Amino acid sequence: MKKTQLEKSRELKRMLNSDELSFAMECHSGLSAVIAEEAGFECLWASGLSVSAMTGCRDRNELDISEVCKVVEWMADHTNVPILVDGDTGGVDWNAARIMVNKLTKSGAAGVCIEDKLYPKHNSFLANSENDLADPFVHAGKIKAMKKENPEFVVVARLEGFISKADFEDTYRRAEIYRDAGADAILVHSKIKDSSEIDLFMNQWTSDCNTTPVVIVPTKYYTTPTDHFRDLGVSLVIWANHQMRASIKAMQDVCKTIYKEESLIPVENKIATVSEIFRLQRDNELVEEEKRYLPSYQGTAVILSAVCSKITGKPKALDIVKDGQTVLDKQLQTYSRDGITKFVLIRGEKSSEFSSQSNVDLVRNDEWSETTEVSSAFIGLLGIDSVPVYISYGDLIFKDSVLKKMSSVQDADIVIGLDPEFNTSRYNEYIYGSPRYSSLSITDEMTPDSVYLTPVHRGSDACGSFIGVIRVNTIKGLLKLKPVLQEISRKSPKARMVAVFKNLCSDPSVVLKGVYVNSSEWVDINTLEDIKRAEEI
Ligand code: SPV
Ligand code: MG
């Protein structure tokens with residue numbers, strides 16, 4: 001369940017006030033937020049340094065609050081953990097500070113951290129002096145204005161005293177002023193190599209019985225064991241810039257290598273795959289969810305089942321493959337999972353064997369014995385004037401992935417399924433195109449490769465065998481296909497489907513493409529052995 005902004009603010013508050021030490025990971029984009037959450041972080045730090053760096057800007061209030069909010073919104077949209085935003089100084093004055101709370105709340109942030117420096121600030125790791133510090137009461141005014149604007153929104157007050165070399169008493173006094181102004185936590189910043197400033201602060205803070213939680217950023221005193229922070233009673237540790245620094249190094253390395261080598265080979269195995277990007281973007285979720293929301297009519301499948309099996313003497317589509325289910329049942333299920341809701345079944349021999357089903361139009365090809373699938377396909381398409389349309393042989397079993405691959409080729413009017421492993425006796429409908437693809441590199445998961453088909457039939461140009469599934473993507477494709485089917489079935493009644501493809505290939509106005517599917521993704525049922533293979537599929 002996606003948490004609301006309010007729930008995230010409450011969770012952050014709980015985290016700050018718990019006895020356990022919590023951790024926040026820096027992020028600077030929607031993607032880095034997703035990565036940090038996936039790694040297990042229960043809180044995210046929207047770092048001002050990193051968000052600026054991501055845009056190429058300096059950490060000096062060069063980005064305005066709306067630009068920061070946009071990035072926070074992407075982070076919040078794609079994660080479900082609280083985000084503490086680096087609000088720099090909280091803006092130029094108390095009014096800007098409350099506007100900031102309002103905007104960050106709308107962006108989905110759980111809280112903000114504001115530092116007691118003058119606007120415009122610069123990063124704490126650059127040169128800083130006492131002159132950079134804000135009047136503590138002006139800062140406290142910003143905190144009060146922020147808490148009044150939205151009491152649930154977490155406000156962390158950050159002390160820059162140690163950074164600016166102010167003395168301890170002044171820094172500590174500021175913490176008390178911010179606490180009294182209503183800050184939900186105090187962030188004590190330090191940039192020396194050990195934790196002595198933090199130790200000093202924490203010892204005093206706890207001995208004074210302060211209950212306001214303390215947050216730290218151990219970027220410079222990173223060698224201090226984390227358990228030491230636990231012992232001190234720190235509430236939240238922010239790992240403030242580590243995703244940004246890791247990505248800079250990785251990007252520099254890959255750019256240098258590709259530039260120098262003029263090749264991708266040296267880097268390919270060292271970088272994330274494109275499918276990893278899709279996974280992080282949760283592309284699968286989209287594919288699944290869109291089935292719910294797209295209109296239920298998503299196309300038609302025309303299933304050609306005019307002849308009987310030589311083994312059973314029954315229409316091939318009625319061969320039982322598993323658990324009493326027929327080839328036809330399996331095809332209907334596969335199409336349904338792909339969103340197809342309308343079916344046309346072409347019958348011929350023993351046509352009465354088919355019982356009517358509510359969502360299947362039964363159409364008879366009376367000339368089934370003198371014709372082939374070309375004429376059946378033409379009859380099947382007669383009443384159809386919208387796309388997509390699949391046409392498939394009725395003796396096929398194929399996986400969902402076949403339809404997925406075919407539907408992913410959107411730059412063709414008509415797409416046909418091809419098996420590249422065609423040099424066996426199982427296949428006879430050779431298709432010609434370029435290039436021939438190596439069957440070894442084809443898997444169910446890969447993005448399908450597609451080939452433009454050519455009308456030239458030369459032995460060595462064959463690029464695969466037609467598996468018996470066609471997808472018509474466009475109205476143009478449908479309008480081109482129908483007359484070709486009609487003409488071929490009239491002039492050459494025994495011609496096979498390849499003749500249709502050959503004809504379409506020679507028409508430059510229609511784009512016909514083949515898409516490769518693996519032999520393990522489909523089977524046509526001719527023998528008992530095929531039924532066994534179908535069970536595996
Ligand atoms: C940030 O991450 O932007 C911070 C922490 O403010 S620091 O860079 O340490 O100042
Ligand atoms: Mg910052």
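Worth saying up front: this structure is predicted, and the values here are computed from it rather than measured. Whatever order the structure lists ligands and atoms in, that order sets their numbers, starting from 1. When a residue number appears, it is its place in the shown sequence, counting from 1.
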Check your understanding: Salt-bridged, Asp184 to Lys147, with N to O below 4.0 Å?
Key ->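 Salt bridge flag = yes for Lys147 with Asp184.
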
For residues [X] and [Y], report the shortest heavy-atom separation together with the two atoms involved.
| X | Y | result |
| --- | --- | --- |
| Ile416 | Leu512 | CG2-CD1, 4.1 Å |
| Lys3 | Glu11 | CE-OE1, 3.0 Å |
| Val85 | Ala109 | CG2-CB, 3.5 Å |

**Study point:** Within-4.5 Å side-chain heavy-atom neighbours: Tyr221 and Ile216
**Key:**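 They are in side-chain contact.
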
Check your understanding: Do the side chains of Lys8 and Asn80 get nearer than 4.5 Å, heavy atoms only?
Key ->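 A side-chain contact under 4.5 Å exists here.
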
Review point. Which residue holds the protein heavy atom closest to atom 5 (C) of ligand 1, what is that atom called, and what is the gap in Å?
Key: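 The closest one turns out to be Arg158 NH1, 3.9 Å.
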
Exercise for review: Can you pull out the closest protein heavy atom to atom 9 (O) of ligand 1? Residue, atom name and distance to 0.1 Å, please.
Suggested key: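 For atom 9 (O) of ligand 1, the nearest protein heavy atom comes out as His189 NE2, 2.9 Å.
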
Should [X] be counted as touching ligand 1, given the test is an N or O pair under 3.5 Å?
| X | answer |
| --- | --- |
| Leu49 | yes |
| Val217 | no |
| Ser47 | yes |

State if [X] counts as touching ligand 1 under the rule of any non-hydrogen atom under 4.0 Å.
| X | result |
| --- | --- |
| Glu26 | no |
| Asp86 | yes |
| Glu115 | no |

**Study point:** Member of Phe229, Trp239, Trp45 meeting the ring-ring contact (aromatic ring centres under 6.0 Å, His included) criterion with Phe23
**Key:**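 Going through Phe229, Trp239, Trp45 one by one, the ring-ring contact (aromatic ring centres under 6.0 Å, His included) with Phe23 is satisfied by Trp239 alone.
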
Check your understanding: Strictly by modelled atom types, are Asp86 and Ser47 linked by a side-chain donor-acceptor pair under 3.5 Å?
Key ->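 The answer is no; no qualifying pair exists.
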
Check your understanding: Checking only N/O/S atoms, does Glu115 have one that is under 2.8 Å from the Mg ion (ligand 2)?
Key ->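 It does not: Glu115 brings no N, O or S atom closer than 2.8 Å to the Mg ion (ligand 2).
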
Review point. What are the atoms of ligand 1, with element, lying closer than 4.0 Å to any heavy atom of Gly48?
Key: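 Counting atoms of ligand 1 from 1, those under 4.0 Å from Gly48 are 1 (C), 3 (O).
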
Review point. For Asp86, what is the atom name of its N, O or S atom nearest to the Mg ion (ligand 2)?
Key: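 Looking only at N, O and S atoms of Asp86, the one nearest the Mg ion (ligand 2) is named OD2.
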
Practice item. For ligand 1, indicate whether the residue Asn123 contacts it via side chain, backbone, both or neither (heavy-atom separation under 4.0 Å). Key: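 The answer is the side chain.
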
